[in-house]
Every structure is written in C-alpha cells, then in structure tokens.
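Heads up, the thing below is written out as structure tokens.
Because only heavy atoms are used, hydrogens play no part in the values below, and waters and symmetry mates are left out as well, while side chains stay in.
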Amino acid sequence: MIQLKASRCVRSLSRESECNKCELICPTEAIVVAKNPLPAINFSACVGCGACDAVCPNEALFLDDFSSTEFFFNFIEDDGNLISCRKNVPCIASLNIENIISMTLLKKEVVFDMGHCGTCAIAHKCRPEIEKNYEEASYILEAMQSTALIKLEDVKYEKEPSSQEHITNRREFFSKVNLAGVVKTKHAFEKEIQKATDELVEHTLQKSDIALLKQKRITDRRKLFFTALKRVEKPSVYHVIEADELTFTSSKEINSDTCTACQMCYRVCPSGALSSDIKNSKIDFDPFLCIKCHICHDVCEPEAITLSPTYRVKEFFEPEVHSLIKFNVRRCDECNIIFSTNSNERLCYRCKAEEEEARELWGIKGDI
Ligand code: SF4
Ligand code: SF4
C-alpha cells in the first residue's frame, strides 16, 4: 500500500506548486490532488503498483512492501537481468527512470518482461509509462555512448502461472501478502483499517515536518545514479540532448530583465540545485541536483526562470555549478539593512512597500 511522506511532497513547500504527477499516473484514481495542498489517498482503491512512487520527483510516496532502492541493490547483486511483475516487482512502472538507467549501466543489459501487460487491469496507465521510461532511458544511454541496453520482451516461463495463480488484481495480491501474517502490530492494524475505508484520506503537515521542509535533500535515486555514473567510462564526446526528452533533471535560465531578486526560487528548491550565498548576491544552479519538480517556476511571479531547450550530457559526468544571475547588494537608504536587488533600487522591499502604501494613502506623486 502507498504512503505519503508529507514533508517531501513539493506541494508542501508552496501553495503555488502545480505538481500532480502522482494523481495523473495512478491507474485506479486512488490519489486526488485538489484544493488541499497535499494529495489525498483512497487506500482501499490503491492497488500497490508503485507507479506514483516512481514519478514523484522528491520521493514523497513509497510502498510499504516494496522499496525501489532495496530492489536496486538486490538486482545489481543478482546474476539475472529480468525485471518482471511476475517475478520481482509489483509493476515495472514502479521503477523510476534514474534507477532504470543506473541499473542498465551497471548490468549492461536489462530485460523488461511485458508479457503480462496484455491481461493486466492497470496496463492502460502503466504500460505507456513503462514504454516512455524505456524510450527515455534508451535515448540517454545512447547519448552517453553506452552500449548498455534495455529490451522489452514477452518472456515465456517454463511453468506459466495458471489463471488462478495469475495476479491480475494487484490489490488482491497485496492484501494476501499483508493479511498472511494476520495483523500482528498496531501499525499493521492501522494500515488494514485504512485499506478497508473506502474514502479519501487527507494529509496535513505535522509540527515535526516543518523543520524538514527547510532541509535540502538529494534523493536516493540521484545518489545511486551518481554512483553508477562513477563506475562507467566517460563518453569520448559529450552530446547535447533535447531537454524535452528528460523527465528527471533540467537546465535553467533566468531572465535578468524580469527577475526581481525575490529569492523565492532558491529558497523553495527542495534539492539545493538553485542556491545563493549568505548575502543573497546571486543565483547559482547545479543541473545535476535538479529533480525537475518545477516548483521554482511555479513560485516565480514574473516567470523569469525558464527551462533551457537543451541539456549537456557532460553535466552527468562532470557536474558544474552555473551562475544564472548576480544582484547588487546595498544598504537601504531608509532603514539601513542590507538587501539585494536586480535594479538600482535604493530602498529595501519593506521600506519600498511602506512608501508605496503611503503614496496610495495620501495620493502623493513624485519624491516623498
Ligand atoms: S508527485 Fe510527489 S511531489 Fe508531486 S504532488 Fe504527488 S506526492 Fe507531491
Ligand atoms: S531547480 Fe527548480 S525544478 Fe530543479 S529541483 Fe530546484 S526547484 Fe525543482
């Protein structure tokens, strides 16, 4: 069954966040992103395919009975190269694109068993997602000049699962697994109750989550990706790839004419890809840390931050921090505090706002 770690959902960082990737991929409409900032989940509708876990940019969703990170390590150590919902994963769509690329780089060849998709009740959403991941991963591997490849196959088993054994209903499968131990702990009991309740469960931030919101965190899948890249040969030539083809990272640009130095984008960035210094005198960007969560775009009122049309493969192997913009740092003429600005403004934001309010109130034109 799926669980939400509220402090990691990018929607908890700003009301402006438009992320609803989990809602869009869920094959049973178990996740609803409505007015409440955080997604609501109908646990009884969740079939435990893990597709939402895979698309969530900040690892906010996780299955309590399958971990893609644990699977990664087991798979790398295992002699086999087959990934199958009939063998080792709840659904191939539960694997995120970064883990797919990392595992393929390390194994040299990975096979996706697509043989069950034809009869699977959730294939309408999950099969196109698996194929999209396959295409993206293959494109990136090729751009890295890697000979590692992914194959889509209809695998024939010596003993095909009988129609009774066939797991066509993931919910039934997981409920069997979970009920096998017959609810031994309070935690397990609560989960069983959640599953039995056919209603949307809202999520809210707890006090303990608030401190976590400010922490910049590199996702586990990014750490594994970085480790895998360290173990393979660098390409002889670094290609430039179409940014549209990349779902898990990006390159950014900032329009210096429209940026107001409000600091929102790098303060809200959950991965630390956007950053500044102690004086707030600049915005730097590390493409390798970016998880393409889009929240920096969502919070930027003047829409000054944009996606670059291309991404350099070099960033994977030799990550570089790019300077996007520099600001003037000066003392406010009115209150003397130090502030940064992208113009010749002499007043800090607070004094400027007060001045504008006074002008409006008293109908003052020209200098005060
Ligand atoms: S995909 Fe992740 S970050 Fe986006 S709304 Fe869902 S839980 Fe939040
Ligand atoms: S740079 Fe923007 S898209 Fe990338 S991780 Fe930070 S907030 Fe998300």
* Evaluate side-chain contact (heavy atoms from CB on, under 4.5 Å) for Lys292 paired with Thr247, printing each intermediate quantity in order. => CA-CA 7 Å; Lys292 209 171 184 181; Thr247 55; 5.6 Å; no
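- Judged by distance alone, the side chain of Glu59 and the main-chain N or O of Arg221 form a donor-acceptor pair under 3.5 Å.
- Residue Met144 holds its CE atom at 10.5 Å from OH of Tyr238, rounded to the nearest 0.5 Å.
- Electrostatic pairing of Lys87 and Asp113 does not count as a salt bridge here, judged by no charged N lying under 4.0 Å from a carboxylate O.
- Taking every heavy atom of both residues into account, Ser250 and Tyr311 meet most closely at O-CE1, 3.5 Å.
- Under the 4.5 Å side-chain criterion, counting only non-hydrogen atoms from C-beta, Glu245 is not in contact with Glu135.
- Without hydrogens or angle criteria, Thr249 side chain to Cys290 main chain gives a donor-acceptor distance under 3.5 Å.
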* To do: Check step by step if side-chain contact (heavy atoms from CB on, under 4.5 Å) holds for Asp333 and Arg331.
  => CA-CA 6 Å; Asp333 283 357; Arg331 280 195 186 279; over 6 Å; no
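- Pairing each heavy atom of Phe327 with each of Ser340, the nearest pair is CB-CB, 4.0 Å.
- When side chains are defined from C-beta on, Ile241 counts as touching Val313, because their heavy atoms get closer than 4.5 Å.
- Just one residue in the list Ile100, Ile97, Leu152 forms a side-chain contact (heavy atoms from CB on, under 4.5 Å) with Tyr134, and that residue is Leu152.
- Side-chain contact between His322 and Pro287 is present, with heavy atoms from C-beta onward closer than 4.5 Å.
- Paired with Leu95 under the rule side-chain contact (heavy atoms from CB on, under 4.5 Å), one option of Val110, Ile130, Val89 passes, and it is Val89.
- One hydrophobic cluster holds both Ile76 and Ile150 under the rule that ILVMFWY side chains link at heavy-atom gaps under 4.5 Å.
- Residues Met264 and Ile295 fall within the same hydrophobic cluster, defined by Ile, Leu, Val, Met, Phe, Trp and Tyr side chains chained together at heavy-atom separations under 4.5 Å.
- Put simply, CG on Asp79 and CD on Glu77 are 10.5 Å apart, with the number rounded to the nearest 0.5 Å.
- The salt bridge (charged side-chain N to carboxylate O under 4.0 Å, His left out) check on Arg11 picks up nothing, with sequence neighbours excluded.
- Applying the ring pair (Phe, Tyr, Trp, His ring centres under 6.0 Å) criterion to Phe75, with sequence neighbours excluded, gives Phe71.
- Ring to ring, Phe225 and Phe72 are not that close: their centroids are 6.0 angstrom or more apart.
- Between the side chain of Glu23 and the backbone N or O of Val33 there is at least one donor-acceptor pair closer than 3.5 Å.
- The minimum heavy-atom distance linking Cys351 with Cys332 is given by the pair SG-SG, 3.7 Å.
- Side-chain contact between Cys126 and Ile92: absent, with no pair of heavy atoms (C-beta onward) separated by less than 4.5 Å.
- Side chain of Asp64 to main chain of Met1: a donor-acceptor pair is present (N/O by atom type, distance under 3.5 Å, no hydrogens or angles).
- At distances below 3.5 Å, at least one donor-acceptor pair connects side-chain atoms of Asn342 with backbone N or O atoms of Ser256.
- With a 4.5 Å cut-off on side-chain heavy atoms, Ile338 and Lys279 do not count as touching.
- By the 4.5 Å heavy-atom criterion applied to side chains, Phe62 and Lys5 are counted as neighbours.
- The line from CD of Glu202 to CG of Leu4 is 11.5 Å long, rounded to the nearest 0.5 Å.
- No donor-acceptor distance shorter than 3.5 angstrom exists from the side chain of Asn20 to the backbone of Pro39, with no hydrogens or angles considered.
- A distance of 8.0 Å separates CG of Asp78 from CG of Asn88, quoted to the nearest 0.5 Å.
- Under a 3.5 Å cut-off, the side chain of Arg8 and the backbone N or O of Leu212 do not form any donor-acceptor pair.
- When the side chains of ILVMFWY residues are joined at heavy-atom separations under 4.5 Å, either directly or via intervening members, Tyr266 and Val321 end up in two distinct hydrophobic clusters.
- Environment of CD in Glu142: sparse, with no more than 12 heavy atoms of neighbouring residues, nucleotides or ligands closer than 6.0 Å.
- Interatomic distance, CG of Leu205 versus CD1 of Ile210, reported as 5.0 Å (0.5 Å rounding).
- Shown here for Glu98 and Ser102, the closest heavy-atom pair between the two residues is O-OG, 2.7 Å.
- Side-chain contact, Tyr139 with Glu242: no donor N or O sits under 3.5 Å from an acceptor N or O.
- Screening residues 116-134 for salt bridge (charged side-chain N to carboxylate O under 4.0 Å, His left out), with sequence neighbours left out, gives Arg127-Glu131, Glu129-Lys132.
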* Do Lys223 and Thr69 pass the side-chain contact (heavy atoms from CB on, under 4.5 Å) test, and can you show the C-alpha distance, the side-chain angles, and the key distance before you say yes or no? -> CA-CA 10 Å; Lys223 288 182 199 157; Thr69 305; over 6 Å; no
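- Heavy-atom minimum distance, Asn328 versus Ser343: ND2-O, 3.2 Å.
- Here the SG atom belonging to Cys52 is positioned 7.0 Å from the CD1 atom belonging to Ile41, to the nearest 0.5 angstrom.
- Checking side-chain atoms of Asn58 against main-chain N and O of Ala60 turns up no donor-acceptor pair under 3.5 Å.
- Each of Leu61 and Ile25 belongs to its own hydrophobic cluster when Ile, Leu, Val, Met, Phe, Trp and Tyr are linked at side-chain heavy-atom distances under 4.5 angstrom.
- Among Glu303, Glu16, Lys252, the single residue meeting the side-chain hydrogen bond (donor to acceptor under 3.5 Å, both in side chains) criterion with His297 is Lys252.
- Ser17 contributes no side-chain N or O that, together with a main-chain N or O of Ser14, makes up a donor-acceptor pair within less than 3.5 Å.
- Contact check for Arg267 versus Asn280: side-chain heavy atoms found under the 4.5 Å cut-off.
- A side-chain donor-acceptor contact under 3.5 Å links Lys107 to the backbone of Gly80.
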* To do: Evaluate side chain to side chain donor-acceptor pair (under 3.5 Å) for Gln263 paired with Ser276, printing each intermediate quantity in order.
  => CA-CA 9 Å; Gln263 307 174 10; Ser276 186; over 6 Å; no
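- Phe316 and Leu141 fall within a single hydrophobic cluster, where Ile, Leu, Val, Met, Phe, Trp and Tyr are joined by side-chain heavy atoms under 4.5 Å apart, directly or via other members.
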* To do: Please report the C-alpha distance between Phe288 and Leu229 in whole Å, then the side-chain angles of each, then the deciding distance to 0.1 Å, and finally whether the side-chain contact (heavy atoms from CB on, under 4.5 Å) criterion is met.
  => CA-CA 12 Å; Phe288 195 77; Leu229 288 172; 3.8 Å; yes
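- Across every non-hydrogen atom of Pro57 and Ile291, the tightest pair is O-CD1, 3.4 Å.
- The pair Arg350-Glu334 fails the salt-bridge criterion, with no side-chain N (NZ, NE, NH1 or NH2) lying under 4.0 Å from an Asp/Glu carboxylate O.
- Taking a 6.0 Å sphere around NZ of Lys216, one finds it holds more than 12 heavy atoms contributed by other residues, nucleotides or ligands.
- Side chains of Leu63 and Pro90 form a contact here, defined as non-hydrogen atoms less than 4.5 Å apart.
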